[in-house]
Amino acid sequence: MTEHPTSHERRQPSAARPTAPADPRGALLRTPEPPAQGSPALPAQGRPAEAPALSGSTSAPGGAPASDDQAPPGSPTPSGALSAATGTPAASGTPAGSQGPPAPSGGHGPTGAPAGSGPEHSQPSATEPDPHRPRPAEAIPAQSGAESTAAQSGKERRTGQGTAPGTPMPMRRDGDRLRFVGAATRRIARGIDLDEIVMGLCRATVPTFSDAILVYLRDPLPVGDERPTGPVVLRLRRTDRIPEDRDTEGFLLPALQPEPDLGITAELCTVRPGGALNEVLRGVRPVFADAPAARAALPELIGDDLTVPGGQRAILAPLRGRRRVIGAALFLRRPDRPAFETDDLLVAAQLATHSALGIDKAVLYGREAYIADELQRTMLPETLPRPTGVRLASRYLPAAETARVGGDWYDAIPLPGSRVALVVGDVMGHSMTSAAIMGQLRTTAQTLAGLDLPPQEVLHHLDEQAQRLGTDRMATCLYAVYDPVAHRITIANAGHPPPVLLHLGGRAEVLRVPPGAPIGVGGVDFEAVELDAPAGATLLLYTDGLVESRLRDVWTGIEQLREKLAATAQLTGADHPPPLEALCDEVLDMLGPGDRDDDIALLAARFDGIAPSDVALWHLDPEDSAPGRARRLARKALSRWDLEELTDSLELLVSEVVTNAVRYTSRPVTLRLLRTDVLRCEVGDDVPQLPRLRQARATDEGGRGLYLVNKLARRWGATRLSTGKVVWFELNHG
């Protein structure tokens, strides 16, 4: 192999080749003589040195920047520079493949001049290395004899110290650092929430980059552009380290003296304004622990009980988000491991930057998810009412855990006369806008239900409200009213899937309800149907997310739902309906892996009804004798039901309420008593004005009737009807 000169001119014959110029830099500019023909050359070992990827271009010993391009095979290396094949200093005039004389221990170059007194481009002294100068990329040099034996025995070439089998070796090349930073940032970026990102940082750095890591975050973490008040407090969020006794492959690690104990680290740290830690955090850039600022800041951060390894074996890296510093990370290496290098500060800076930005976004995402979740929870009923004669159960499943907001809703609204309105609806879309529209429609439905309008009129007013909200506000809705006394249910539909009725014997029936047009279309009429609701039957209202998906159409899903209900009812027998909560869970189990394309709202109602023997109804003419007659009728009903202990209280309250009714009405007054788990009394008239509780003065002759009702009754209320109002109260009985 023939070496080529470093000049870019065309190679000339030996006789015409010019002599080396006289230059005070001596061997740095001399071109070595080519080796004799036929001289054997050792093959290049290791990989060529790579250009620094994190710290930019590094000046070569000759003063010129190192090129990313490899020199042609066989090109000589200037004296005192790094060999492109081995990364070790090559002696001047020594051809590749030959053993040159060793350099003097004093660091003199080939000319004998001391390195410290040489020209400005000469290498620093080997006996006094600059700890802050980036170390050049190293490769495996040609080894022979004792050096080869030492390498095979697992000793580290630069320090001569032994390393345990399986212990990760430090990154020797800037290319290694670049690959590590790429892999680490990808692992950090995979996290969505705060804990995943912090854990990704710890797992990516230990043990590849450091032996231990401590991550501190502000408590509480600032969100977005808000400016936190009060002192800055850092809380230890997570620590990670190599196990003390064994490494990842089960080999014993050498004893460490001293060994940091992360268990005694201070969990909370208050950053003092103007203190050393505050200055380091404001500086943003990572620093070594032996730097003056870090030496004063570390005791403030981790406490006085934790001893940080000496030398450049600890890096303190502030974590800065988009607006402000949100924490700090401390990277530690054990005393038996090689110290950090200057280029490792850039690695720590990259890790800290990616982690801080990820944490900042995770906090923003968490706040948005919290707002969306709270919005959805407030839009849906927190608890279902317990109306007389019916039991209720519900379920709500969002389309995905990452998008909890949707337009599906359900509701159960108590109505006068012990009735209850059952509502289920679905607004198109899965956004915050859909949830907001759903909330407005649900509020409108509650208001319309309080007016005791028929189901078809409720849907008509919902359609008008949707048109006022916008031209593209579309929704489906099913509105049903159950009367436990009459054992009847009235249903109106606006483009919603039909309900399913599960009878007591186990037969599941899809109710024939006119489909109607969706809410928001406008200009359409809605039709209501009245059906039997026998005691023991279960009505299931649902949204299309339960029965429709990419794998099946809506009618196939409805048929599967009907079969699922019938099969579930067979498990409990013909005389016992399945438990309501368990029935809801069984219905949701019919969903497959690909069936969760939409939100799901489910409302189940078990009809118990009120037996005719537990109902007493009378019509009273608006006369002065009506209160007395009402007391006698109530006394007889209590005697028939064996509730004589309530006679005095019931007679007093019935007399007061009936007296108020006949004073202003012109038509007969209705009096109804219902015996369930409580005794309920309802008095209806044709006057729409609702009574109001007020404090009567000592000189007033009236105004104390509702005061007595409020004191003696379990609870009471007044509801406006389309034909008047109903005043009701309840009494506890044994």
Side-chain angles (χ1 to χ4, degrees), residues 368-387 390-414 420-446 449 462 474-480 493-500 502 519 538-549 554 557-558 560-561 564-565 568 578-606:
E368 292 179 357
Y370 170 78
I371 294 174
D373 189 60
E374 287 298 312
L375 175 63
Q376 186 70 45
R377 290 179 183 275
T378 54
M379 295 295 183
L380 297 175
E382 184 177 355
T383 58
L384 291 174
R386 302 180 62 182
V390 62
R391 286 174 287 171
L392 303 173
S394 63
R395 295 290 187 274
Y396 175 79
L397 294 179
E401 288 296 327
T402 55
R404 295 177 178 267
V405 178
D408 293 17
W409 92 90
Y410 61 90
D411 210 345
I413 310 168
V420 58
L422 307 175
V423 190
V424 64
D426 183 6
V427 178
M428 296 182 182
H430 303 89
S431 61
M432 300 283 286
T433 303
S434 302
I437 297 173
M438 178 265 287
Q440 297 182 54
L441 293 180
R442 177 173 177 250
T443 303
T444 304
Q446 289 179 334
L462 285 177
M474 305 288 292
T476 62
C477 182
L478 192 145
Y479 188 92
N493 190 7
H496 204 78
V500 180
L502 178 62
I519 291 175
T538 304
L539 183 68
L540 199 69
L541 308 179
Y542 54 91
T543 56
D544 58 355
L546 180 65
V547 295
E548 185 180 18
S549 68
V554 60
I558 292 175
Q560 292 179 359
L561 174 62
K564 183 68 174 180
L565 290 174
T568 305
L580 206 56
E581 297 290 342
L583 181 64
C584 293
D585 295 335
E586 289 293 330
V587 168
L588 294 180
D589 286 342
M590 66 178 286
L591 298 174
D595 295 341
R596 291 291 303 279
D597 299 334
D598 197 359
D599 304 334
I600 297 175
L602 180 65
L603 179 62
R606 174 71 45 78

Residue pair Pro387 / Leu392, side-chain heavy-atom distance below 4.5 Å:
yes
Minimal non-hydrogen separation, Leu441 against Ala475, with atom names:
CD1-CB, 3.9 Å
Pro414 to Pro385 - nearest heavy-atom pair and separation
CG-CB, 3.9 Å
Does Arg606 use its side chain to pair, donor to acceptor, with the backbone of Pro578 at less than 3.5 Å?
yes
Applying side chain to side chain contact (heavy atoms under 4.5 Å, CB included), run through Leu561 and Met590 and close with a yes or a no.
CA-CA 8 Å; Leu561 174 62; Met590 66 178 286; 3.9 Å; yes
Interatomic spacing from CG in Leu541 to CG in Leu539 - rounded to 0.5 Å:
4.5 Å
Take Leu588 and Leu546 through the side chain to side chain contact (heavy atoms under 4.5 Å, CB included) test and state the conclusion after the steps.
CA-CA 8 Å; Leu588 294 180; Leu546 180 65; 4.1 Å; yes
Do Leu580 and Thr538 come close enough that some side-chain heavy atom pair is under 4.5 Å?
yes
Between Leu583 and Thr568, does the side chain to side chain contact (heavy atoms under 4.5 Å, CB included) criterion hold? Intermediate values first, please.
CA-CA 7 Å; Leu583 181 64; Thr568 305; 3.8 Å; yes
Just how far is it from atom NE2 of His496 to atom CG of Asp544, taken to the nearest 0.5 Å?
7.0 Å
Apply side chain to side chain contact (heavy atoms under 4.5 Å, CB included) to residues Leu462 and Tyr479 and explain how you reach the verdict.
CA-CA 11 Å; Leu462 285 177; Tyr479 188 92; 5.8 Å; no
Under 3.5 Å: donor-acceptor pair, side chain of Ser434, backbone of Met428
yes
Where do Asp411 and Gln446 come nearest, in terms of heavy atoms and distance?
OD2-NE2, 2.8 Å
Minimal heavy-atom distance between Tyr410 and Pro381, with the atoms involved, is O-CD, 3.3 Å
About how many Å separate CG of Asp426 and CE of Met474, when rounded to the nearest 0.5 Å?
11.5 Å
Please tell me if the side chains of Trp409 and Val427 come closer than 4.5 Å, counting only heavy atoms from C-beta onward.
yes
Would you say Arg395 and Glu581 make side-chain contact, with heavy atoms under 4.5 Å?
yes
Nearest heavy-atom approach of Cys477 to Asn493 is O-OD1, 3.3 Å
CE/Met438 to OG1/Thr443 distance, rounded to the nearest 0.5 angstrom?
9.5 Å
Per the side chain to side chain contact (heavy atoms under 4.5 Å, CB included) rule, which among Asp599, Thr476, Leu380 passes with Asp408?
Asp599
Gap separating the CG atom of Leu384 from the CD1 atom of Ile413, nearest 0.5 angstrom
11.5 Å
CG on Leu422 to OG on Ser394, rounded to 0.5 Å
11.5 Å
